[in-house]
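Working notes for the structure below.
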Amino acid sequence: MSRIRIKDILKTTPTNQTITVKGWVRTFRNNSFIALNDGSTNNNLQVVVDFTTTPEEILKRITTGAAISATGILIASQGKGQTVEVKATSVEIIGDSDAEKYPLQPKKHSLEFLREIAHLRFRTNTFGAVFRVRNSLAFAVHKFFNEKGFLYIHTPIITSSDAEGAGEMFHVTNFDIANPPKDENGAIDYKQDFFGKSVNLTVSGQLEGELAAMAFSDIYTFGPTFRAENSNTARHLAEFWMIEPEMAFYELKDNMDLAEEMLQYVIKHALDNNLEDLEFLSQRLEEEEKQKPQNERSELSLLDKLKFCLENKFERVTYTQAIEILRESNHNKKKKFQYLIDKWGVDLQSEHERYLVEKHFRKPVILTDYPKEIKSFYMRQNDDGKTVAAMDILFPGIGEIVGGSQREERLEKLETRMNEIGIPLEDLSWYLDTRRFGTCPHAGFGLGFERLVLFVTGMTNIRDVIPFPRTPKNCEF
RNA sequence: UCCUUCUUAGCUCAGCUGGUUAGAGCACAUGACUGUUAAUCAUGGGGUCCCUGGUUCGAGCCCAGGAGAGGGAGCCA
């Protein structure tokens, strides 16, 4: 007899059919009631065993965490709390779980503790929900771009390109690091290394993505990226997944339209397909916020916040307008900002972004046209000579979730800017070739996937939305 | 990397002004009960008080250094 997944069983009308279920025991109450979970849904299936006829040695092995197979009759539940249950005729222990040593208990654990046992935290309600939503969002990303006719391109993980300046890179080498070969000057001789040169893990697939966009028109990458920054925050990982679309013949506004449409599409997909999990996470968040003082609690529940994002256009303002709003704000005048806004040209701090999103506009905000000094070399220079065609999307509670721009397609302008900043042209000659041969206006953006998952699940630490987080001083599993 | 708070049983935490044998709830074990919903009741076992050094007659508590974690900041996605 084949196994039926619990998600499907719970939707079935009981007609006394005999079924077999397999899963892991969450709790075993009263020597009779097994709460069984197989990860297909957050809801458990109640399996009722008759302890008067079930052998004692089987009953003793039905412990929290054990894998079991149960065969029995699906009936309408005789107790409250569930609609159907399985009246077991036989229970088989597939894998024992020593109750004394199994770390998960049928009670609340701290997220910090569960992070230490990340290999087992999938078996909790919270992480079950989080990773089902994560899966759903990843699928929705591919679905969205596929429906739009975008080509999914795999940009390299190991790269010799280090000119992007997005952050510290992880070095990749095959050398015995205690004794690397040296050249005549005593420097490490990378000519003898595996790739014959010094290489790193990628910090972004954007530059390679641009190359592909200059042939396929509309492409995206969705893969892991790596930053060796020693940043210890709830929003940063050393290894994270990034979605980077790149579109030929797109200008800044097209870029913003696409990013907004995509975010709304994937959020809607999660609401349509993972409502139970999101309801659970929404409730979880409410419980958690009850511990906070009234003024720190969010006004909207998680579900309402997600729906709000679907029903409202994102606010679009230029950097210059944003500076004006911040400078004129009571917050600034009363010197409540740690960094006061005084002049045009300063970079916005998290507190300013949060003020714009959470206090002033109270919705997602797209900030555009930043001063060129605080943005990357490849961003297209505006006619005012001061700003570039950049756009950042700021989300409540998350901050920057998307960073993008229209790219500089004019060869001379790009070369001049690279010279100003001190990026050797020869290092990126392959990149500049796209501007030499059939250049065209194009644009793209990067979306931190984990930050998206943070927003949709309402979790507050990025380490809790990726299965096995890599952060400074931590690379377990 | 900086600021700040924390680290006591498997988990969540209490531990007074530095004073004898370090506590509770949950979990676990044993027994009772048997339509439970984190079942309930009784009994029991369980400790490198993060590490190293110092002060003191005496340190879980005070001091110095280190490690790890949380929150905030910077950098960013």
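So you know, we letter chains A, B, ... as the sequences are listed, proteins then strands, and number each from 1.
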Test log, rule side chain to side chain donor-acceptor pair (under 3.5 Å), inputs A:E244 and A:S204: CA-CA 8 Å; A:E244 294 176 288; A:S204 160; 2.7 Å; yes
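Partner of A:H142 under the ring pair (Phe, Tyr, Trp, His ring centres under 6.0 Å) criterion, out of A:F150, A:F449, A:Y152: A:Y152 alone.
Between A:T27 and the phosphate of B:rA39, there is a side-chain N or O to OP1/OP2 separation shorter than 4.0 Å. Side-chain N/O atoms of A:T233 include none lying less than 4.0 angstrom from OP1 or OP2 on B:rG71. Of the side-chain N and O atoms in A:S32, none sit less than 4.0 angstrom from OP1 or OP2 of B:rG35. Distances shorter than 4.0 Å separate some side-chain N or O of A:Q349 from OP1 or OP2 on B:rG74. The shortest distance between the side-chain N/O atoms of A:R354 and the OP1/OP2 oxygens of B:rA73 is below 4.0 Å. In this structure, A:R29 does not reach the B:rU36 phosphate: none of its side-chain N or O atoms is under 4.0 Å from OP1 or OP2. A:N30 has no side-chain polar atom (N or O) that falls below the 4.0 Å cut-off from OP1 or OP2 of B:rG35. Distances shown here put every side-chain N or O of A:R451 at or beyond 4.0 Å from the OP1 or OP2 atom of B:rC76.
Using a 4.0 Å heavy-atom criterion, one finds that A:E244 contacts no nucleic acid atom at all. Backbone-only engagement by A:H109 is indicated by non-hydrogen atom pairs under 4.0 Å involving sugar-phosphate atoms exclusively. Note on A:T225: nothing from the nucleic acid sits closer than 4.0 angstrom, heavy atoms only. Among the atoms of the strands shown, base atoms are found under 4.0 Å from some heavy atom of A:K87. Backbone-only contact: A:N461 has heavy atoms under 4.0 Å from sugar-phosphate atoms and none from a base. Across all strands, A:Q78 comes closer than 4.0 Å to base atoms (heavy-atom distances). Among the protein residues, A:L237 comes within range of the nucleic acid bases, having at least one heavy atom under 4.0 Å from a base atom. Looking at heavy-atom distances under 4.0 Å, A:F51 makes contact with a base. Residue A:E112 is classed as a sugar-phosphate contact, given heavy-atom separations below 4.0 Å to backbone atoms only. Within 4.0 Å (heavy atoms only), A:Q338 reaches no atom of the nucleic acid at all. Contacts of A:S231 with the nucleic acid, taken as non-hydrogen atoms under 4.0 Å apart, include base atoms. Across all strands, A:R115 comes closer than 4.0 Å only to sugar-phosphate atoms, never to a base (heavy-atom distances). Among the protein residues, A:F113 comes within range of the sugar-phosphate backbone only, with heavy atoms under 4.0 Å from sugar or phosphate atoms but none that close to a base. Using a 4.0 Å heavy-atom cutoff across all strands shown, A:K80 reaches at least one base atom of the nucleic acid.
For A:Q105 and B:rG10, a side-chain-to-base donor-acceptor distance below 3.5 Å is present, hydrogens and geometry of angles not being considered. Applying the 3.5 Å distance criterion, the base of B:rU1 shares no donor-acceptor pair with the side chain of A:E229. Looking at A:Q82, its side chain has no donor and acceptor atom pair within 3.5 Å of the base of B:rG35.
Base pairing of B:rA73 is made with B:rU1, judged by Watson-Crick or G-U wobble geometry with both donor-acceptor distances under 3.5 Å. B:rG10: Watson-Crick or G-U partner is B:rC26, with both key distances under 3.5 Å. Of the nucleotides present, none pairs with B:rU17 by Watson-Crick or G-U wobble criteria with both distances under 3.5 Å. Pair assignment for B:rA64: B:rU52, on the basis of Watson-Crick or G-U wobble contacts that are both within less than 3.5 Å. Pair assignment for B:rC41 gives B:rG31, based on Watson-Crick or G-U wobble hydrogen-bonding distances that are each under 3.5 Å.
Within a 6.0 Å radius of CZ in A:F139, other residues, nucleotides and ligands contribute 12 heavy atoms or fewer.
Looking at the side chain of A:A99, the nearest of the listed nucleotides B:rC28, B:rA38, B:rA77 is B:rC28. Of the candidate nucleotides B:rU36, B:rG74, B:rG70, B:rG70 has the atom nearest to the side chain of A:R463.
Between the side chain of A:T89 and the main chain of A:T71, a donor-acceptor pair closer than 3.5 Å is present.
The nearest pair of heavy atoms linking A:T27 to A:T64 is CA-OG1, 4.3 Å.
Between the side-chain ring of A:F240 and the base of B:rA77, a stacking contact exists by the 5.5 Å and 30° definition.
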